[in-house]
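In what follows, chains carry the letters A, B, and so on, assigned in the order in which the sequence lines appear, proteins first and then strands, with residues in each chain numbered from 1.
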Amino acid sequence: MSIKVYNSLTRKKEDFEPAIPGKVTMYVCGPTVYAMSHIGHARSAVSFDSIQRYLRYKGFEVKYARNYTDVDDKIINKANEEGVPPQELAERYIREFDFDMNALHVQLPDIRPKATESIKKIIEVTESLIKKGAAYAIDGDVYYSVRSKKDYGKLSGKNIDDLESGARVDVDERKNDPLDFALWKSSKPGEPFWESPWGGGRPGWHIECTAMVMEWLGETIDIHGGGKDLIFPHHENEIAQSEAATGKTPYVKYWLHNGFVNIEKEKMSKSLGNILNIRDALVDHTAEAIRLFLLSSHYRSPIDYTRDSLRDAEAGVERFYKTVQRVAAECPTALEAISCHSCVQERLDEAFSPMEDDFNTAEVVGNLFKEMSRMNRALDDAKAGKGPKGHKEELSYSLAIINEASKFLGIFDRTPEEYFSDKNSRTSVPAEEIEKLIAERIAARASKDFARADAIRKELLDKGIVLEDSPKGTTWSVKTQ
RNA sequence: GGCGGCGUGCCCAAGUGGUAAGGGAGCAGUCUGCAAAACUGCCAUUCAGCGGUUCGAAUCCGCUCGCCGCCUCCA
C-alpha cells in the first residue's frame with residue numbers, strides 16, 4: 001500500500017513516490033526568530049514532525065531540513081528597540097524556539113540551516129537569475145520579474161492580472177511590475193549587510209529558502225511544507241525563482257500545507273492581542289496534551305484552541321497513563337512482553353493505515369483509544385475471572401500498538417510517573433500540605449470519622465486536588481482544568 | 001472582486017460510493033464508607049437545506065443558506 005498525500009500544487013491526493021525510491025528530501029519553513037514562538041508554530045512543527053517520523057517509521061531514508069529565518073526587517077526593528085545586535089536577538093529566539101520544540105517532543109530536523117549562513121548561495125542564485133533575464137538590479141536592489149515566468153501563480157491559483165487589480169501591492173516606480181519581489185535589498189545605514197555584486201545588502205525573504213534547499217537538499221526536492229498562509233506569496237515566489245534558476249520543474253514534487261490554529265474561534269492576530277505563545281500554553285497544559293490536541297485533527301483542517309479542547313486532550317493523555325498504571329499494578333508481566341509485536345503486525349497495519357491516507361493522525365489517535373478500552377476491559381475481565389483467556393497477550397498487543405504509534409506520533413511515550421509528575425507540578429498547593437491532609441484523612445477514615453474524611457476531600461478538591469482511594473492507599477492528582 | 005476551504009450528536013472529531021470510528025460531557029447501573037478511576041448500557045434512522053446521478057451517497061453533481069482562510073508580514 002502506498003502513501004497518499006494531498007499536494008497543494010495539484011489540489012489532489014497523489015501517490016507518494018519520491019524521486020529516488022526509498023529516499024525523501026523534505027524542507028519545512030521554520031520561524032522568523034524575532035519573538036517567542038506561538039501555538040501556530042507548534043502546529044506546523046508537530047504536524048511535519050509526525051510526518052517525517054512516519055516516513056522514517058515506514059523505512060524511508062529521510063533528509064529533513066527546517067530553517068531559521070534569522071535576517072529580516074522584523075528582527076532588525078526589534079533589535080533596534082532593544083538596543084542589541086540583530087544577530088544576538090535572532091540567536092536568543094532560536095534558543096527559545098528550540099526549547100519549545102523540545103518540550104513538545106518535536107525531533108530535531110537533520111539540518112537546521114540559517115539564512116545568514118547561506119548568503120553565498122543566495123548571491124549565486126540571484127546572479128544566475130539576472131543572467132537568465134528573470135531578475136534585474138536597480139540601485140543596489142535586485143527584483144525578480146514575475147512576468148518572466150509563464151506559469152507564475154500555479155501554486156496559489158492566481159494570475160498576475162487579477163493580483164494587480166487587487167491593488168494591494170506596494171507600488172514602487174522602479175519596479176517593472178508591481179508584483180516583482182525583492183531578491184536582494186540594499187542596506188540602509190546601521191543595518192546589517194553583506195557584500196554583494198550590487199553593493200552592501202541583505203537577502204529578500206523568499207530567496208533564502210530557495211538557497212537553503214539547494215545548498216542542503218538539492219535543486220529539486222520531494223516534500224516542502226509550511227503553513228497555509230505561506231502559499232502566497234512565499235511559496236509561489238519560491239517556485240518561480242527556483243525553477244527559473246535551475247530550469248528544472250518541478251522544484252518541489254509535493255507541497256504540503258498545514259491549517260491554522262484559531263483561539264476560541266478567533267484568528268490569532270496581533271490586533272486582537274490573542275497570540276498564544278507556546279511557553280504560555282505550557283503553563284496551563286502539559287506538552288503532551290497540547291501535542292495530542294494538535295494531532296487529534298487532520299493537519300490540513302483549521303483547529304480551534306479552546307479551554308475545552310485542551311481539557312479533553314489532557315483527559316485523554318491521563319486516560320492512557322492511568323491505564324498503563326493499571327497494567328503495571330494488575331498484570332506487570334504484560335509490560336515485559338510488549339516488544340514482541342511481530343505477532344500483531346496485522347493489527348498494527350490496520351491501526352496505522354490512516355497514516356497512509358495523507359497522514360491522518362486523528363484517526364490513528366481514535367484507534368489508540370480503542371486499544372485503551374480493550375486493555376481496561378481485559379483487566380476487568382481478568383479480575384472478575386471471566387472472559388476469554390489470554391488477557392496478558394491482549395494487554396501486551398494493545399500496549400505494543402500504542403508503543404509503536406508513539407514512535408511517529410510522539411505522544412504516549414513517557415512513563416506514567418513522568419507524566420503525573422509533570423501534571424501534578426501544576427498547582428500552587430505545596431505537596432507537604434496535601435500529604436499532611438491525606439494522612440489526616442487516613443486517620444479519620446480509620447476511626448470511621450467519615451464526615452471529617454469527606455471534608456478533607458472537599459477542601460482539597462476546592463484547591464484543585466483530586467484524591468483517589470485504592471486498596472494500596474490514597475493518591476492525589478491535580479484536577480484537569 | 002479573484003482564488004481556496006468548511007458545515008457530521010451537547011462539545012471536539014474521523015469517515016470521499018456500501019449503509020455513521022474515537023474522545024470529552026451528560027444520564028443510569030456495577031464497584032466504593034463517600035468519591036475517583038474503570039467497566040456496562042443509553043446518547044445522530046442521520047451527516048446545513050433542497051434537488052439530481054446511482055441498486056445504494058455524509059461521501060459524486062447542481063443550486064441555496066451559513067461560516068472561514070488567502071489575495072499585505074504571518075505557521
Polar pair under 3.5 Å, donor/acceptor by atom type, side chain [X], base [N]:
X	N	value
A:Arg441	B:G33	yes
A:Asn360	B:G15	no
A:Arg445	B:G33	yes
A:Arg457	B:A35	yes
A:Asp469	B:C34	yes

Within the 4.0 Å heavy-atom criterion, would you say [X] contacts the bases, only the backbone, or no part of the nucleic acid?
X	value
A:Val365	nothing
A:Lys158	base
A:Lys265	sugar-phosphate
A:Ile39	nothing
A:Lys267	base

Taking the side chain of [X] as its heavy atoms from C-beta onward, which of [options] lies nearest to it?
X	options	value
A:Ser297	B:C73, B:A14, B:C70	B:A14
A:Asp312	B:C11, B:A75, B:A38	B:C11
A:Asp454	B:A75, B:C34, B:C39	B:C34
A:Lys370	B:A38, B:A21, B:C74	B:A21

Query raised in the report: What is the distance, rounded to the nearest whole Å, between atom CZ of A:Phe369 and atom P of B:A38?
Result: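 Spelled out: CZ on A:Phe369 to P on B:A38 is 11 Å.
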Query - Between A:His235 and A:His257, ring centroids under 6.0 Å - result: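 Close enough - the centres of the two rings lie under 6.0 Å apart.
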Query raised in the report: Is the A:Tyr254-A:Phe16 ring centre distance short of 6.0 angstrom?
Result: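 Between A:Tyr254 and A:Phe16, the centre distance is under 6.0 Å.
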Report task. Would you mind pulling out the nucleotide paired to B:C6, Watson-Crick or G-U wobble, both distances under 3.5 Å? Result -> B:G66
Query raised in the report: Does the side chain of A:Thr361 come under 3.5 Å of the side chain of A:Ser50 through a donor N or O and an acceptor N or O?
Result: no
Query raised in the report: Can you list every salt bridge (Lys or Arg N to Asp or Glu O under 4.0 Å) pair that touches residues 441-451 of chain A, not counting sequence neighbours?
Result: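 Counting only pairs at least two positions apart or across chains, the salt bridge (Lys or Arg N to Asp or Glu O under 4.0 Å) contacts touching residues 441-451 of chain A are A:Arg441-A:Asp469, A:Arg445-A:Asp469.
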Query - Taking every non-hydrogen atom, the tightest pair across A:Cys29 and A:Cys209 - result: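 That closest heavy-atom pairing would be SG-SG, 4.0 Å.
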